Amino acid sequence: MKKVYGSAAEALDGLLHDGMFIAAGGFGLCGIPELLLQAIKEAGTKDLTFASNNAGVDDFGIGILLQTKQVKKMISSYVGENKEFMNQYLGGELELEFNPQGTLAERMRAGGSGIPGFYTKTGVGTRIAEGKEHKDFDGETYILERALIADVSLVKAWKADDTGNLIFRKTARNFNPPAAMCGRTCVAEVEEIVPRGSLDPDQIHLPGIYVHRLIQGEHEKRIEQRTNRQKEEAS
């Protein structure tokens, strides 16, 4: 089965529709599937629900889709770096389902593992627990969290072979593996595609069985918080 496509638009052809649910990898500005998100912006697909740790910043990541009002709902953990996100949420234009980071990652992983839900202590006694089933185990209260299954997963990796085996670079792995697992179709963008058999099996972070489509492209290397200190004068 062909997995390598020539562009982000080609890789997403036939997958996009209004009102769809997308899981996206990334943490802050690290490991963001930027080329695929740009292709969605250009396609004009709207009323989207995204499951992602955060929404990038105003002009990068999912933030570019917030600017064009293509996102209807976010299932996220952290939204503090995106003013457009804040403005739309406070203005009632954007739905938000807050998830603790570990809960969000596990909801994605569970969806890809055929597990419909799981119990966790995280969020008990807070607004996170409102409306959810509570159950006691060994004298402790837990809440039921449901798995996430997305129409499409978008992820970013460092290297891949043509079968879709992925290697992530350092912290850019973040939410990408669980996001990839929970999509009915997973599309990955990578910096380099290498010949089949050249990747060390022990170094593969995500098996190609989870990846259905693949592109290679140039990626922007952003620094989220840049701090400069003036050089101290010699005494």
Side-chain angles (χ1 to χ4, degrees), residues 3-5 7-8 11-12 21-41 48-66 71 74-82 85 99-112 148 150-161 164-183 185-194 199 203-226:
K3 290 192 176 183
V4 180
Y5 289 74
S7 68
L12 292 171
F21 176 26
I22 300 173
F27 186 100
L29 300 181
C30 184
I32 300 291
E34 62 200 76
L35 304 178
L36 295 167
L37 292 170
Q38 180 64 35
I40 292 176
K41 176 182 177 181
L48 301 171
T49 296
F50 267 92
S52 179
N53 175 68
N54 65 301
V57 291
D58 292 330
D59 62 344
F60 190 73
I62 298 173
I64 64 173
L65 299 175
L66 290 173
V71 181
M74 289 293 306
I75 303 172
S76 295
S77 295
Y78 177 68
V79 297
E81 299 296 327
N82 195 312
F85 189 121
N99 277 224
Q101 287 184 338
T103 298
L104 179 59
E106 183 62 10
R107 291 182 72 190
M108 290 178 173
R109 191 199 69 83
L148 294 174
D151 296 312
V152 170
S153 293
L154 308 178
V155 300
K156 159 93 181 335
W158 179 41
K159 285 186 180 182
D161 62 20
N165 292 313
L166 301 183
I167 295 178
F168 301 93
R169 183 164 174 77
K170 301 185 183 298
T171 58
R173 189 187 318 187
N174 53 61
F175 278 75
N176 278 291
M181 292 173 65
C182 77
T185 302
C186 173
V187 186
E189 60 183 69
V190 299
E191 297 180 33
E192 182 181 5
I193 299 177
V194 299
L199 297 178
Q203 299 302 314
I204 292 171
H205 297 133
L206 187 75
I209 190 67
Y210 290 108
V211 179
H212 304 90
R213 301 186 182 188
L214 184 67
I215 63 165
Q216 177 177 319
E218 297 294 325
H219 295 85
E220 183 177 350
K221 304 288 187 179
R222 286 201 174 200
I223 298 175
E224 188 165 0
Q225 300 289 348
R226 186 188 300 274

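Start at 1 with the first residue, then count along the sequence. Values below: every heavy atom of this structure, side chains too, minus hydrogens, waters and symmetry copies. On a predicted model such as this, the values are computed, not experimentally measured, just so you know.
- A distance of 4.5 Å separates CD1 in Ile40 from CZ in Phe50, rounded to the nearest 0.5 Å.
- In this structure, the separation between CG on Leu37 and CD1 on Ile32 is 7.5 Å, given to the nearest 0.5 Å.
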Begin from the C-alpha positions of Phe175 and Gln101 and carry the test side-chain contact (heavy atoms from CB on, under 4.5 Å) through to its verdict.
CA-CA 9 Å; Phe175 278 75; Gln101 287 184 338; 4.1 Å; yes

Can I get a per-line list of side-chain donor-acceptor pairs under 3.5 Å for residues 206-214, giving both atom names and the distance, sequence neighbours left out?
from, atom 1, to, atom 2, distance (Å)
His212, ND1, Cys186, N, 2.9
Arg213, NH1, Ala11, O, 2.8
Arg213, NH1, Asp13, O, 2.9

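- The two residues Ala8 and Ala39 have their closest heavy-atom pair at CB-CB, 3.7 Å.
- Closest heavy-atom contact between Ala179 and Ser153: O-OG, 2.5 Å.
- In this structure the side chain of Asn174 never reaches within 4.5 angstrom of the side chain of Asn53, judged on heavy atoms.
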Might you work through the side-chain contact (heavy atoms from CB on, under 4.5 Å) test for Leu66 and Asn82, ending with a clear yes or no?
CA-CA 10 Å; Leu66 290 173; Asn82 195 312; 3.8 Å; yes

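- With Ser52 contributing its side chain and Asn54 its backbone, the two residues share a donor-acceptor pair below 3.5 Å.
- Between the CG atom of Leu166 and the CG atom of Asp161 there is a distance of 8.5 Å, given to the nearest 0.5 Å.
- Considering every non-hydrogen atom in both Gln216 and Ile193, the closest pair reads OE1-N, 2.9 Å.
- Atom CZ of Arg173 and atom CH2 of Trp158 lie 12.0 Å apart (nearest 0.5 Å).
- Scanning both residues, Ala172 and Cys30, for their nearest heavy atoms gives CA-SG, 3.4 Å.
- Expressed to the nearest 0.5 Å, how far NE2 of His205 lies from CG of Asn165 amounts to 12.0 Å.
- With contacts defined as side-chain heavy-atom distances shorter than 4.5 Å, the pair Leu148/Leu104 qualifies.
- Residue Ile62 holds its CD1 atom at 13.0 Å from CD of Glu34, rounded to the nearest 0.5 Å.
- Counting only distance, with no hydrogens or angles, the side chain of Glu189 and the backbone of Leu36 share a donor-acceptor pair below 3.5 Å.
- Residues Ala23 and Met108 come closest through the heavy atom pair CB-CE, 4.4 Å.
- Asp151 places a side-chain N or O within donor-acceptor distance of the main-chain N or O of Phe21, the cut-off being under 3.5 Å.
- In this structure, Asn176 contributes its side chain and Phe168 its backbone to no donor-acceptor pair below 3.5 Å.
- Here the closest non-hydrogen pair linking Pro33 and Leu154 is CG-O, 3.6 Å.
- Taking Glu192 as the reference, nothing meets the side-chain hydrogen bond (donor to acceptor under 3.5 Å, both in side chains) condition, with sequence neighbours excluded.
- Residues Ile75 and Arg107 form a side-chain contact, since some pair of their non-hydrogen atoms from C-beta on lies under 4.5 Å apart.
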